[in-house]
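Chain A is the first sequence line, chain B the second, and so forth, proteins listed ahead of strands; every chain is numbered from 1. These figures come from a predicted structure and were not determined experimentally.
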Amino acid sequence: MNELQQELFEKQLLSLSKGLDYPRTPEIAGSVMTRLHGATPPRFISRRLVWSLTIILILFASLMLIPPARAAILEFIQIGVVRIFRAEPTPLPPPDQEIPATTVPMTVTPVPTSRPLIPLLEKLAGEMTLEEAQKALDYPILLPSYPPDLGKPDRVFVQDAEGKMTILVWIDPQQPTQVLMSLHLIPPGSWAIDKFDPALVQETRVNGQRAIWAVGPYPLRLRNDDFEYTRLIDGHVLIWKEGNLTYRLETDLPLEEAVKIAESLELAR
Amino acid sequence: MDEATLIHHAANGDAMAWEPLVLAHQEAVFRLSYLLLGDPDDAEDIAQETFLRAWNHLKRFDTTRPLRPWLLSIASNLASNRRRSAGRYLSALTRAFRNEPVSSTSIEEKSTRHLEASQLWKAVQTLSVPDQQIVYLRYFLDLSVAETAEVLKIAEGTVKSRLSRALDRLRGIIQQDFPVLVEPRDGQEGNNA
């Protein structure tokens, strides 16, 4: 591109970019001043986290007035690095008990959205081939052999979350812009993951070991010593532990299918 | 009160002096974060964090320099860290699973100008992060070469050479994948993209 062409192209960029439709700038000054006056330590706390914690604190405070609730509310379920806090003293359904269909509110079933995910995945760091990922990791990548036609993951990411966490993503062949399921392999010492009062938490078994099936929506918090990140999760998640690794399978499939997938993990061939 | 005086007061612990400075620069900080992350909630988090970090380091800030490039530099670093994080993945997945009605006619309703700007943004998003940063600062936020150099902490000459290379790449991408930006508009000759 010669100088004249570059100058014209620059003018075009300046002109075009002015037409971009930005979201309205939120009330940042007010929030910043509130946090300054509240002497909140400077760290990442998302608005959703603030809301989630506020709701949880209110719920916690009100339940603490009821004596039988106290013991239950102070407990949490832990599978690997994942902790699930429950605000209700309701005992978990036993592993073999079928969940009545009506237990799960219809609203928690993710409705397919036309919003494409793939461009967002493009922004993720740490993408590599399965082979490269295996070389970079000090633990073996196990892949599901069920369903038989699932195949290898379409996208593989290895992210350093104080321990190399692997994220395997399968794209829905029927809707190439949608994710069919994802599997996290989280090593020990990695970021802690907290879930707050999912709509449904059921204890189940994967290869005879205790596992948890959580159904959103619920706030999920990732945290380490100096970073905290919270998001609302609407999907269904199966969490279990094998050896040192915590596995987290996120899918729209029902529990039975998710367990089959989990139990089909084997060394990649 | 001018900006330097407000910064001086704020650096001495006067939070009330910080508020007008946040108000003055919040839009630019939010927009840069939004451009880099593509999500308004993430951008708001980053913008808040930018002003809190800047507040905590004000004593080290040279008050003779303009504030905006420094703030944009902090925001740019925070946004880059955020997009590399695992949380970013969860954010993407959450959005994909969330039942958000996306109007198929929204694009049609947008003016040509908005559509072209949106296409341009998509084209820039395919560039590397350093290329994106420099293009956003120089053209989307309309910073001068000097201000862009200040934000990126590089020499003005380096800004120019990096911009030139980034524009070459962007032009190639536009020609190949974004024909709407290449086709001449009514009453115009073929453009140079």
Is there any residue in residues 17-29 of chain B with a non-hydrogen atom under 4.5 Å from a non-hydrogen atom of chain A, and which ones are they? Trp18(B), Glu19(B), Val22(B), Leu23(B), Gln26(B), Glu27(B)
Under the criterion side chain to side chain contact (heavy atoms under 4.5 Å, CB included), I'd like the reasoning laid out for Leu20(A) against His114(B): C-alpha separation, chi angles, the key distance, then a yes or no. CA-CA 6 Å; Leu20(A) 191 63; His114(B) 285 172; over 6 Å; no
Of all heavy-atom pairs between Gly19(A) and Ala117(B), which one has the smallest distance, and what is that distance? C-CB, 3.4 Å
Looking only at heavy atoms, which two atoms of Leu167(B) and Phe9(A) are closest? And how far apart? O-CE2, 3.4 Å
Ser17(A) OG to Trp121(B) CH2 distance, which is reported to the nearest 0.5 Å: 12.5 Å
For residues Gln12(A) and Leu181(B), report the shortest heavy-atom separation together with the two atoms involved. NE2-O, 3.5 Å
Provide the full list of salt bridge (Lys or Arg N to Asp or Glu O under 4.0 Å) pairs with a residue in residues 64-76 of chain B, sequence neighbours left out, each pair given once. Arg65(B)-Glu150(B), Arg68(B)-Glu147(B)
When you look at Tyr22(A) and Leu35(B), which way does the side chain to side chain contact (heavy atoms under 4.5 Å, CB included) test go after all the steps? CA-CA 9 Å; Tyr22(A) 292 95; Leu35(B) 287 167; 3.6 Å; yes
Quick one: closest heavy-atom pair of Ser31(A) and Glu44(B), and the distance? OG-OE2, 4.5 Å
For Lys18(A), is it the side chain, the backbone, both, or neither that has a heavy atom closer than 4.5 Å to a heavy atom of chain B? both
What residues form a salt bridge (charged side-chain N to carboxylate O under 4.0 Å, His left out) with Arg169(B), not counting sequence neighbours? Asp131(B)
How many angstroms lie between CG in Leu163(B) and CG in Leu13(A), if you round to the nearest 0.5 Å? 9.5 Å
Closest non-hydrogen atoms of Arg171(B) and Gln5(A), given as atom of the first, atom of the second and distance, are NH2-NE2, 3.7 Å
Which residues share a ring-ring contact (aromatic ring centres under 6.0 Å, His included) with Trp170(A), sequence neighbours left out: none
Quick one: pull up CE in Met33(A) and CD in Gln48(B) and give me the separation to the nearest 0.5 Å. 12.5 Å
Greater than 12 external heavy atoms within 6.0 Å of Asp14(B)'s CG: yes
By a 4.5 Å heavy-atom criterion (distance strictly below it), what part of Tyr34(B) contacts chain A: side chain, backbone, both, or neither? side chain
One should read off an interatomic distance between Leu16(A) CG and Ser118(B) OG, to the nearest 0.5 angstrom, of 11.0 Å
